[in-house]
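Values below: all heavy atoms of this structure, side chains included; hydrogens, waters and symmetry mates excluded.
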Amino acid sequence: MTRSGLRGWESTQRQTALGAVESEQRVRLVRPVVDGSVHGAQRLGSAYWREVERFTFGLVRSRQGVDGVGLRLLGRRPLLLAFGRPVTDIAEGSLRCCYPITGGLLASQPGGEIVFAQEQVGGRLWLRSTITGFFPALAARPGEPDWTGALYSQVQRRIHLAISRRYFSRLIGEAGQ
């Protein structure tokens with residue numbers, strides 16, 4: 001077990017030269033936490049949005065509609081983050097649920113995605129949460145001092161990491177691992 005209480009927990013983060021955030025959290029699995037179907041892939045995504053609500057004690061709520069998912073303060077306004085409709089992908093031993101990031105108050109521009117996956121890699125099974133190409137409104141801008149992104153690194157990023165740990169723990173616990 002690691003400090004997070006999850007076996008095989010790994011987390012990486014970097015900011016590209018253009019200012020996009022790339023972040024990955026993953027944990028090794030003993031056995032799958034969802035079945036290898038479209039429903040299983042969709043469950044990976046919906047479980048994350050429920051964990052956001054639990055973690056924030058309902059302060060941030062997800063609204064799922066025909067256009068995708070919106071994270072809103074108390075379920076109303078402002079729109080904190082907007083995600084397009086989920087795209088699921090199922091391949092041999094792996095499945096993923098991908099949400100394109102389409103905007104919101106915490107995004108400086110649309111772009112990037114968040115992906116929830118259960119993947120077989122090199123003979124090992126992993127549960128993974130990955131953000132790529134995201135331009136957080138609170139992050140440091142290219143060429144600006146690092147301290148200008150302190151709100152992102154000290155608040156938004158840490159909240160995402162804490163939610164990811166709880167999300168992984170809950171899925172693993174529900175699967176009886």
Side-chain angles (χ1 to χ4, degrees), residues 1-56 62 64 68-69 71 81-102 104 106-107 109-136 139 149 152-153 156-177:
M1 292 286 185
T2 65
R3 187 179 70 130
S4 68
L6 296 169
R7 180 186 38 199
W9 165 266
E10 297 177 7
S11 181
T12 60
Q13 163 112 12
R14 73 180 192 96
Q15 190 168 10
T16 68
L18 297 176
V21 166
E22 312 280 319
S23 173
E24 179 179 84
Q25 291 73 48
R26 70 183 192 167
V27 64
R28 215 167 351 136
L29 297 174
V30 174
R31 61 182 166 274
V33 294
V34 296
D35 65 57
S37 67
V38 170
H39 175 71
Q42 291 170 338
R43 186 165 173 258
L44 291 175
S46 61
Y48 185 83
W49 306 128
R50 280 192 309 276
E51 204 57 50
V52 168
E53 291 181 6
R54 284 184 190 115
F55 181 82
T56 64
S62 66
Q64 298 189 33
V69 175
L71 296 180
L81 284 170
F83 302 88
R85 295 175 64 172
V87 176
T88 57
D89 182 34
I90 300 170
E92 239 177 89
S94 299
L95 53 125
R96 36 182 269 147
C97 185
C98 172
Y99 293 85
I101 301 167
T102 59
L106 295 176
Q109 65 187 48
E113 63 186 11
I114 187 166
V115 177
F116 308 104
Q118 176 178 278
E119 298 178 319
Q120 192 78 36
V121 179
R124 290 189 173 168
L125 187 61
W126 295 92
L127 183 59
R128 181 173 62 86
S129 168
T130 306
I131 297 172
T132 56
F134 173 51
F135 289 88
Y152 175 76
S153 61
Q156 188 176 348
R157 176 179 175 269
R158 287 182 181 201
I159 289 171
H160 171 70
L161 289 173
I163 291 169
S164 292
R165 281 191 295 266
R166 288 175 51 135
Y167 163 73
F168 292 156
S169 293
R170 188 169 309 276
L171 282 172
I172 290 167
E174 288 172 356
Q177 294 189 42

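- Partners of Asp89 by side chain to side chain donor-acceptor pair (under 3.5 Å), not counting sequence neighbours: none found.
- Using a 4.5 Å heavy-atom cutoff, the side chains of Leu29 and Ile172 are in contact.
- For Glu22, there are no salt bridge (charged side-chain N to carboxylate O under 4.0 Å, His left out) partners, not counting sequence neighbours.
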Which pairs would a plain distance check flag for residues 38-47, meaning a side-chain donor or acceptor within less than 3.5 Å of a matching protein atom at least two apart in sequence or in another chain?
unit_1 : atom_1 : unit_2 : atom_2 : d
Arg43  : NH1    : Val33  : O      : 3.3
Arg43  : NH2    : Glu174 : OE1    : 2.7
Ser46  : OG     : Gln42  : O      : 3.3
Ser46  : OG     : Arg43  : O      : 3.4

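- In plain terms, the two heavy atoms of Pro136 and Val21 that are nearest each other are CG-CG2, 3.4 Å.
- When the side chain to side chain donor-acceptor pair (under 3.5 Å) test is applied to Arg96, no partner is found at least two apart in sequence or on another chain.
- One finds the CH2 atom of Trp9 at 8.5 Å from the OG atom of Ser169 (value rounded to the nearest 0.5 Å).
- Contact annotation: the side chain of Trp126 approaches that of Arg28 to within less than 4.5 Å [non-hydrogen atoms, C-beta and beyond].
- The distance from atom CD1 of Ile131 to atom CD of Gln13, rounded to the nearest 0.5 Å, is 7.5 Å.
- Closest approach of Phe83 to Ile101, counting heavy atoms only: CE2-CG1, 3.7 Å.
- Within a 6.0 Å radius of CZ in Arg50, other residues, nucleotides and ligands contribute more than 12 heavy atoms.
- Among residues two or more places apart in sequence or in another chain, the side chain to side chain donor-acceptor pair (under 3.5 Å) test is passed with Gln25 by Ser11, Ser23, His160.
- A pairwise comparison of heavy atoms in Leu106 and Phe134 identifies O-CZ, 3.6 Å as the closest pair.
- Annotation: side chain to side chain contact (heavy atoms under 4.5 Å, CB included) contacts of Gln120 (sequence neighbours excluded): Ser94, Leu125.
- One distance of note links OG of Ser129 with CD of Glu24; it measures 8.5 Å at 0.5 Å rounding.
- For the atom pair OG1 of Thr102 and CZ of Arg85, the computed distance is 12.5 Å after rounding to the nearest 0.5 Å.
- Taking Tyr167 as the reference, Tyr48, Phe116 meet the ring-ring contact (aromatic ring centres under 6.0 Å, His included) condition, with sequence neighbours excluded.
- Partners of Glu119 under the salt bridge (charged side-chain N to carboxylate O under 4.0 Å, His left out) rule, at least two apart in sequence or in another chain, are Arg128.
- Take Ser62 and apply the side chain to side chain donor-acceptor pair (under 3.5 Å) test, not counting sequence neighbours, and it matches Glu53.
- Residues satisfying the side chain to side chain contact (heavy atoms under 4.5 Å, CB included) criterion with Pro86, sequence neighbours excluded, are Cys97, Tyr99.
- Looking at residues two or more places apart in sequence or on another chain, you find a salt bridge (charged side-chain N to carboxylate O under 4.0 Å, His left out) between Glu51 and Arg54, Arg166, Arg170.
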